[in-house]
Amino acid sequence: MYDGIKGFRDFYPAEMAAHREVIDTVEDTAQQYGFREIATPALEETRLYVEKSGEEIVEDLYSFEDQGGRDVALTPELTPTVARMVVAKQQALAKPIKWYSTRPFWRYEEPQQGRFREFYQTNVDIFGSEEPEADAEILAFAADALTNLGLDAEDFDFRVSHRDILGGLLEAFDADIDTRAAIRAVDKSEKIEEAEYYDLLTDSGLSYEQAEQFDDLLATDDLGELTDFAGTDRVADAVENLQAVLDAAEDFGVREYCTLSLETARGLDYYTGVVFECFDSVGEVSRAVFGGGRYDDLIESFGGQPTPAVGVAPGVMNSTLPLLLQRAGVWPEEELSTDYYVLQVGDTRPVAARIARELRQEGNVVETDVSDRSFGAQLDYADSINAETAIIVGERDLEDDEITVKDMASGEQVQVPVDSFPGDRGRPTYDDFD
RNA sequence: UCCGGGUUAGGGUAGUGGUUAUCCUUCAGCCUUGUGGAGGCUGAGACGCGGGUUCGAUUCUCGCACCCGGACCCA
């Protein structure tokens, strides 16, 4: 016996069937918005992450030198990769570029609730539009994906904020402020004691009075108050932009899922405009379910022409979204499903095989005996794979040129002429002959 | 990396410094080449790994691995 690797998980068929349903729902939703699927490598050069995020990020990467001497890393996120792809074909791609991709990612972190070292995300991004409609479309996609999974407005909450509001307000104080540290403090404010929060703010350069004032400003519902306080174009523009995104979200039918929450900052440095995080309304899932936002400077920093971008990345496996779905009672059934089991009694293989083949050609899931098992054992097996219908092909039936169609749930069965089965019926069941 | 709690057949469990480690379930075969989700019989399957203490360790002890939480970090 071997242990698995810490933070990596196996998925067996029944559990995977539920995950498959979740992934398909999220991807179908993306396709309905016209997002196009891409595929990307599992390895990138380590410097792709180091140069954008700092040397300390290496601690959280699976990185190593390959046999050709290249420093490579398992991808911890998709954004740098898609940015690289956009830069490489920038002139060839019609804008806006709308892509999605579901894939595993790897981070060398300590596993915790809803967090593993290997996890799957569906990344959804729009490149080439700086309009608020693009931000709102990302919000709308995310909200639709969740409601298509069975969640409603009572279950989750998108906390929406704007990076320039935070940065602009800080800039408006007469102080030498470490903006990055201050934003990080804001991002933590919900999780830590108030005194600790104020300590972090004052550490970042604000006076105590300024920290209080800043905290008050973030709590406001009146965005105009922020504009008046700062008196700068930066804040005025950011407020206007955030309002425009929320207005668009209203028209897109998803405003009800969004809450203004300036305390939401996101830890990542490359965000520039609207940012948001999805939370469990009940709070049983203790950390953010997923997040997204605008990163208008990243493509240019990768050597491309200035290209605005906005995206979101729900985790679909080994992440907090499945926990939220379970908490809300909408997690799909973890069970196998099978349309037909074709049961053979005696040497009836030619007929059984023909029937199985024709049912499969109609798109059905069909199993038949490959273990030379007894009648009872075959029925047991058919039961274990949740077969809906058993087609009994027995020597006795065939003597009368018939087969037996059996409904597995009720046990009822009916004799049917073998020559006309399945015929042009796509998915015949017991009820069709009853 | 750090802190807390865990680890006994596939799943759930009982128990013990000393014979063949308990029970339920599961799985496989058979009764059963014509009726499963019922029953009977037979069989399979476990003390996470390594070191130490001991005549003897699944039990005590140390280290490691993995699991569940949490801190840090969060892309």
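Values below: all heavy atoms of this structure, side chains included; hydrogens, waters and symmetry mates excluded. Chain identifiers are assigned alphabetically (A, B, ...) following the order of the sequence lines, protein sequences preceding nucleic acid strands; residue numbering begins at 1 within each chain. On a predicted model such as this, the values are computed, not experimentally measured, just so you know.
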Intra- and inter-strand pairs of RNA chain B in dot-bracket (Watson-Crick or G-U wobble, both distances under 3.5 Å; | for another strand):
(((((((..(((.....[....)))((((((.......))))))...(((((..]....))))))))))))....
Side-chain N,O ([X]) to OP1/OP2 ([N]) below 4.0 Å:
| X | N | value |
| --- | --- | --- |
| A:R9 | B:C67 | no |
| A:Q413 | B:U35 | no |
| A:S384 | B:C27 | no |

Find out whether the Lys NZ or Arg CZ of A:R117 is both under 6.0 angstrom from the six-membered ring centre of A:Y62 and within 45° of the ring's axis.
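Here A:R117 fails the 6.0 Å and 45° test against A:Y62.
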Stacked cation flag A:R255 on A:F252, 6.0 angstrom / 45 deg:
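Not satisfied by the 6.0 Å and 45° rule.
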Distance, [atom1] atom - from [M] to [N], rounded to whole angstrom:
| N | M | atom1 | value |
| --- | --- | --- | --- |
| B:C55 | B:C41 | C1' | 43 Å |
| B:G29 | B:G4 | P | 48 Å |
| B:C68 | B:C60 | C1' | 26 Å |

Measure from the side-chain heavy atoms of [X] and tell me the nearest of [options].
| X | options | result |
| --- | --- | --- |
| A:R373 | B:C73, B:U32, B:A28 | B:A28 |
| A:E395 | B:C74, B:U35, B:U33 | B:U33 |
| A:P76 | B:A75, B:C73, B:C74 | B:A75 |

To the nearest Å, how far apart are A:D380 CG and B:C27 P?
8 Å
Report, one line per pair, each donor and acceptor closer than 3.5 Å where one atom sits in a side chain of residues 284-291 of chain A; sequence neighbours left out.
{"unit_1": "A:S286", "atom_1": "OG", "unit_2": "A:Q113", "atom_2": "OE1", "d": "3.0"}
{"unit_1": "A:R287", "atom_1": "NE", "unit_2": "A:Q113", "atom_2": "O", "d": "3.1"}
{"unit_1": "A:R287", "atom_1": "NH2", "unit_2": "A:Q112", "atom_2": "OE1", "d": "3.0"}

Need one value for A:Y108: base, sugar-phosphate or nothing, where a base atom within 4.0 Å counts as base even if backbone is also close, heavy atoms only.
sugar-phosphate
Within the 4.0 Å heavy-atom criterion, would you say A:Q112 contacts the bases, only the backbone, or no part of the nucleic acid?
base
Between the side chains of A:D157 and A:T259, does any donor sit under 3.5 Å from an acceptor?
yes
If you take any heavy atom closer than 4.0 Å to RNA chain B, which residues from residues 115-123 of chain A end up in contact?
A:R115, A:F116
A:F433 vs A:F421 aromatic rings, parallel, tilted or perpendicular, using cut-offs 30° and 60°?
tilted
